[in-house]
Amino acid sequence: MALTLAALVAERPLGLRVRAAEAGLGRAIGWVHPTELTDPQAFLEGGELLLTTGLALDETTSPGYIRRLVDAGVAGLGFGVGLSHESIPRSLVDTAEEVGLPVLEVPRKTPFIAITRAVSSAVAADEYASLVRTGKGQQELTRTAVGKGGPGGVVRKLAKLVDGWVLLLDSSGAITEASSASARPFADEIREDLARLRAGTLVTVAGDYEIVLQTLDTRARGVLAVGTPEPLDAAGQHIVNTAVSLLSLALEQNREHIGALRLLRSGLCDLLAAGHSELATRTMKSLWGGVPEAPWSVLVVAGTAGARRSLADALDAEVTREKLFFGESGAFVVALGDVEAVARQASRIGGLHAGLSEPVSTVDFPAGLRQAKQAAEVAKAERSPLVRFAEHAGRGFLEMVDSQAAQAFADSLLAPLRQHDETGRGELVASLTCWLEHHGHWDLASARLGVHRHTLRNRMRKVAELTGRDLDSPGVRAEFWVALQVSART
């Protein structure tokens, strides 16, 4: 910590006495500069303790002299008595008190060199302490980065080293790592500053914190935000710069790793599309520990290369889960498993159009992929976020059917179900629709409806009983699907 005027006064051998502006003794002393010039501003940088015997000063010239020192930003004035002045000019003391510039009386027995030596020793000790702190902080950050902590560990370690909070933000300003939960709200407070930051460093203030925003040296623009109660000292700045370098390196290596995994997943998509489902699923299990449970609803997402890349970036954090797999096939992103989460993510990004196949087995993936791509092309043409293949196929058939005849058929077939639902005894129409959408798959349909599969089976038996139709017959299922689609259009 830099030597303050108060600490210098506390060194009894120097015999210094405070004559003005005692409230300002907390100021740090950057250096000591003796001079007898009445206007030394050109030779000062600010923060100095200026030493003078007042050779050219008197009661008339002292007030202007003090104001010039304030303009130069000096920390304080040491006035040597017993040579040109037996005591400090009264006007100098009064003016210094008025403007808040601390004035120290230096007795005749204390040479200026003794004060210079004391300050020099303190500055050297402070620089050494700063160097030690910097080296220790850099070592701790490096150990964390090469260990198991990763970027998140570096962020948390940095927050402890600077006694503040730290956020790691991606190119969109979203939080990728936070030193603590209490740090997260600051992301909203610095959003406008992030928009102004193109490269380098930006210092801003939010609440009681000074915040340093520094861009990372990576291809994907990221920003490190560091908030501290006090401005960072030299050691703190060096430690932050070290963290920026380590995070940049770690994120760039991680990006290369992610790129290699994406190529691998795209290759697995190609294997599935070529009918090599056994080899593809075996590889998925060995790499990620599992495969999304079949039957698969294949989701294909079309859009610009940039939008597809943004979607892939958002999905990378989820791909290790057994519930989700995604890859790229040509100009499409292909997903299996938790496709509804993928569709929601695509809608947030914008500019993307998705197509969803009917549920297919692993060996029927090529057919599901064709369905999903066809539906995605329709969604793109209609500027719709999502088109299901079943809806598209049913819609195409209905265009060839007389609308009045189709409506009469639908009303007749569905009337018993609607009458039943109006009594509040069940949701037969909705249950039948969901069951058909999931190709008669009991577990998938019941999960979508939020009911037990036995409840769904009972509802389907009730449908068969009320309509006199056998739902095991493909033709009957087709008739119900057409009726439901006609009803949905009116």
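All figures in this text were calculated on a predicted structure; none of them were measured in a lab.
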Walk me through it: do W435 and R477 pass the test side-chain contact (heavy atoms from CB on, under 4.5 Å)?
CA-CA 10 Å; W435 183 69; R477 293 189 187 186; 3.6 Å; yes

Judged by atom type as modelled, is there a donor-acceptor pair below 3.5 Å linking the side chain of [X] to the main-chain atoms of [Y]?
{"X": "T215", "Y": "G200", "result": "yes"}
{"X": "S412", "Y": "F409", "result": "no"}
{"X": "S329", "Y": "F332", "result": "no"}
{"X": "R459", "Y": "L428", "result": "no"}
{"X": "T204", "Y": "I211", "result": "no"}
{"X": "H438", "Y": "C434", "result": "yes"}
{"X": "R453", "Y": "D443", "result": "no"}
{"X": "S357", "Y": "A372", "result": "no"}
{"X": "E48", "Y": "G46", "result": "yes"}
{"X": "T242", "Y": "H238", "result": "yes"}

Looking at [Y] and [X], is any side-chain nitrogen of the basic one under 4.0 Å from a carboxylate oxygen of the acidic one?
{"X": "E377", "Y": "K380", "value": "no"}
{"X": "R388", "Y": "E437", "value": "no"}
{"X": "D193", "Y": "R196", "value": "yes"}

Any luck finding a side-chain donor-acceptor pair between Q237 and N241 under 3.5 Å?
no

Within-4.5 Å side-chain heavy-atom neighbours: [X] and [Y]:
{"X": "F480", "Y": "L471", "answer": "yes"}
{"X": "I239", "Y": "L158", "answer": "yes"}
{"X": "V298", "Y": "L356", "answer": "no"}
{"X": "V291", "Y": "L336", "answer": "no"}
{"X": "Q419", "Y": "L466", "answer": "no"}
{"X": "P292", "Y": "D338", "answer": "no"}
{"X": "P295", "Y": "S361", "answer": "no"}
{"X": "V301", "Y": "R308", "answer": "no"}

Taking all heavy atoms of [X] and all of [Y], pick out the closest pair and write down the distance.
{"X": "G100", "Y": "A21", "result": "C-CB, 3.6 Å"}
{"X": "L456", "Y": "S431", "result": "CD1-CB, 4.0 Å"}
{"X": "A273", "Y": "L369", "result": "CB-CD2, 3.8 Å"}
{"X": "R156", "Y": "A178", "result": "CG-O, 4.3 Å"}
{"X": "V387", "Y": "A375", "result": "O-CB, 3.3 Å"}
{"X": "A122", "Y": "L3", "result": "CB-CB, 3.5 Å"}

Atom CZ of residue position R348 - does it have more than 12 heavy atoms of other residues, nucleotides or ligands inside 6.0 Å?
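Buried by this count: over 12 neighbours within 6.0 Å.
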
More than 12 non-hydrogen atoms from neighbouring residues, nucleotides or ligands closer than 6.0 Å to CG on D470, yes or no?
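Yes, CG of D470 has more than 12 neighbouring heavy atoms, counting only those of other groups under 6.0 Å.
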
With side-chain contact (heavy atoms from CB on, under 4.5 Å) as the criterion, how do R461 and R457 come out once you've worked through the C-alpha distance, each side chain's angles and the decisive distance to 0.1 Å?
CA-CA 6 Å; R461 279 195 291 269; R457 288 182 183 274; 4.1 Å; yes

What is the distance from atom [atom1] of [X] to atom [atom2] of [Y], rounded to the nearest 0.5 Å?
{"X": "E479", "Y": "S473", "atom1": "CD", "atom2": "OG", "answer": "7.5 Å"}
{"X": "T283", "Y": "K285", "atom1": "OG1", "atom2": "NZ", "answer": "11.0 Å"}
{"X": "I175", "Y": "L169", "atom1": "CD1", "atom2": "CG", "answer": "6.5 Å"}
{"X": "L311", "Y": "F326", "atom1": "CG", "atom2": "CZ", "answer": "7.5 Å"}
{"X": "H452", "Y": "N458", "atom1": "NE2", "atom2": "CG", "answer": "10.5 Å"}
{"X": "H441", "Y": "R448", "atom1": "NE2", "atom2": "CZ", "answer": "14.5 Å"}

Is the F186 ring parallel, tilted or perpendicular to the Y209 ring (thresholds 30°, 60°)?
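It falls in the perpendicular class, over 60°.
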
List the steps, then state whether side-chain contact (heavy atoms from CB on, under 4.5 Å) holds for L246 with T142.
CA-CA 7 Å; L246 291 171; T142 302; 4.0 Å; yes

V334 pairs by side chain to side chain contact (heavy atoms under 4.5 Å, CB included) with which of V300, L272, L268?
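The passing option is V300.
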
CA sep, side-chain torsions, deciding dist, call: D163, T228, side-chain contact (heavy atoms from CB on, under 4.5 Å)
CA-CA 7 Å; D163 191 24; T228 52; over 6 Å; no

